[in-house]
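Not measured: the values here are computed from a predicted model. Note that ligands are numbered from 1 as they come in the structure, with each ligand's atoms numbered from 1 the same way.
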Amino acid sequence: MSADFEDDDAPPELVDVSAIPSEQPGSIEEESQPRVPITLVTGYLGAGKTTLLNYILTEKHGKKIAVIMNEFGDSSDIEKPLTVNQGGQEVTEWMEVGNGCICCSVKDTGVMALESLMERRGTFDYILLETTGLADPGNIAPVFWMDEGLGSSIYLDGIVTLVDAKNIVHLLDEPTPEEKASSHNEDDEHDHGSGPVLSMAHMQVSHADVIILNKADLVTAEELEAVRDRISAINSVAKIHVTDHSRTPKIEGVVLDLHAYDHLDDLDFSKKGHSHIDPAISTIAVVTPPIPADKVPQVDSWLQSVLWESTLPEPANSSPESHPTNFEIHRLKGILRLEDGTSRIIQAVRDVFEIRDSEPTETDDDKPSPVQCKIVLIGRGLGPTVDPWKDSFESFVR
Ligand SMILES: Nc1nc2c(ncn2[C@@H]2O[C@H](COP(=O)(O)OP(=O)(O)OP(=O)(O)O)[C@@H](O)[C@H]2O)c(=O)[nH]1
Ligand SMILES: [Zn+2]
């Protein structure tokens, strides 16, 4: 408490001690508990999510990771149903494993497990959450952006999607009736509109920050390349790692410490050409020179139109035939460079978005820091070229 007094603008002798509430928001105690990063591990049924988590739970990596697995996995040594029923209430039990990690196995999205996990705060540094194979990560990610509840103790580090190299093309081309039904149940107000049907596999690939292209042992080198092309046509900014039995070359930067929602400077725009390999979902990147600092609210309005109303504002001189009208954005990330030299980061998963200050980046003499605004959009129906997107954005900020 004394520190609070010293920080206060008023001289200490004027403070009425009896009027100070005992629990102050943002108190020292709260600040000493840094928020814990979480990675969501997604991927279609059987893609190798549990195999990845078992690998992390058994490898020596010196990290204290809390792992939440879903209950549909292979019956491995570690994965046991640890959600027990006590007096009609489900209770999540945490089990310590040899390398210092803790784990539990649950069904659903694991939000309950996360709440029980936070009671053990301090015993782990990182959380990995396996979502069920049919879960749409776009529905889970925004939970961690709220400032109260889970969002105040946990922050989203990134989304890792396991892809089964043998089955993914089939899953992208032919969504099953079940997954069509389940995607609609989970997100009723979300109209997929006309055009190619989106499979859950599309959703999982389009939301990914990292893609682990697994089961490489089951395909030929040519098949693997075809799958890689298909995946990067859908999501050309996710980093792709090829694995056999989910054995990633390392864990940091591949599964942990992704900083997918804070450090955007290394966004990979090398493949920014627009591609039609996948008929349903693609990535486009709007790149423009720095914008005036007072135009940030305009960017906010533009994002509201694009993300909330699925309407791309039409500049006066645009040609109507090339203007995308029936689109949906799954994931958007970007960096705004302002003319005053500062930057802002934009993050969006579906209709939830934020614009926030960017941490200053270390300047590397060999590599001049990028000076362009860059906004990457991943979604359905984005149209044949980036031009209408760029024109629309420019018309808002100039
Ligand atoms: N051949 C081969 N099999 C694999 C590979 N990775 C995982 N498997 C097997 O694929 C099966 C499914 O793997 P899991 O890790 O349980 O998959 P999951 O994504 O957790 O599955 P769900 O939880 O059911 O959605 C298991 O039998 C694994 O041993 C791989 O790289 N190659
Ligand atoms: Zn599993």
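- Ring geometry for H207 versus H330: interplanar angle under 30°, hence parallel rather than tilted (30 to 60°).
- Contact annotation for D217 and ligand 1: only side-chain heavy atoms (C-beta onward) come within less than 4.0 Å of the ligand.
- The residue from K215, R247, K166, E130 that puts a heavy atom closest to atom 8 (N) of ligand 1 is K215.
- Contact check on K295 versus E339 returns no salt bridge, with no Lys/Arg side-chain nitrogen under 4.0 Å from an Asp/Glu carboxylate oxygen.
- Proximity of M69 to ligand 1 is not established, as no heavy-atom distance is less than 4.0 Å.
- Taking every heavy atom of L45 and a limit of under 4.0 angstrom, the matching atoms of ligand 1 come to 25 (O).
- Ligand 1 is never approached by G43 to a heavy-atom distance shorter than 4.0 Å.
- Taking the side-chain contact (heavy atoms from CB on, under 4.5 Å) definition, one finds that V169 meets it with D173, V227, R230, sequence neighbours left out.
- V41 and Y155 fall into different hydrophobic clusters, defined by Ile, Leu, Val, Met, Phe, Trp and Tyr side-chain heavy atoms under 4.5 Å apart, directly or through other members.
- Note on T50: counted as a metal contact of the Zn ion (ligand 2), an N/O/S atom lying under 2.8 Å.
- Remark: the N235 side chain and the S206 side chain contain no N/O donor-acceptor pair separated by less than 3.5 Å.
- A salt bridge does not link D244 with K215: none of the charged nitrogens is closer than 4.0 Å to a carboxylate oxygen.
- Those atoms of ligand 1 with a heavy atom of D244 less than 4.0 angstrom away are 31 (O).
- Each of the atoms 1 (N) of ligand 1 lies under 4.0 Å from some heavy atom of L218.
- Which of T50, T42, V242 comes nearest to atom 20 (O) of ligand 1 through a heavy atom is settled by distance: it is T50.
- Each of the following atoms of ligand 1 lies closer than 4.0 Å to a heavy atom of N214: 5 (C), 6 (N), 7 (C), 31 (O).
- Ligand 1 lies nowhere less than 4.0 angstrom from a heavy atom belonging to L162.
- Near T51, meaning under 4.0 Å from any of its heavy atoms, are these atoms of ligand 1: 7 (C), 13 (O), 14 (P), 15 (O), 28 (C).
- At under 3.5 Å, a nitrogen or oxygen of H245, whether backbone or side chain, sits near a nitrogen or oxygen of ligand 1.
- In this structure, the side-chain hydrogen bond (donor to acceptor under 3.5 Å, both in side chains) partners of D300, at least two apart in sequence or on a different chain, are Q304.
- Close N/O approach between G48 and ligand 1 is found [any backbone or side-chain N/O within under 3.5 Å].
- In this structure, the side chain of S305 does not engage the main chain of S301 through any donor-acceptor pair within 3.5 Å.
- Looking at E130, its N, O or S atom nearest to the Zn ion (ligand 2) turns out to be OE2.
- The aromatic ring centroids of W94 and F124 lie 6.0 Å or more from each other.
- Taking distance alone, with nitrogen or oxygen atoms compared against 3.5 Å, A216 stays at or beyond that limit from ligand 1.
- Side-chain atoms of N99 come within 3.5 Å of backbone atoms of L57 as a donor-acceptor pair (strictly under, hydrogens ignored).
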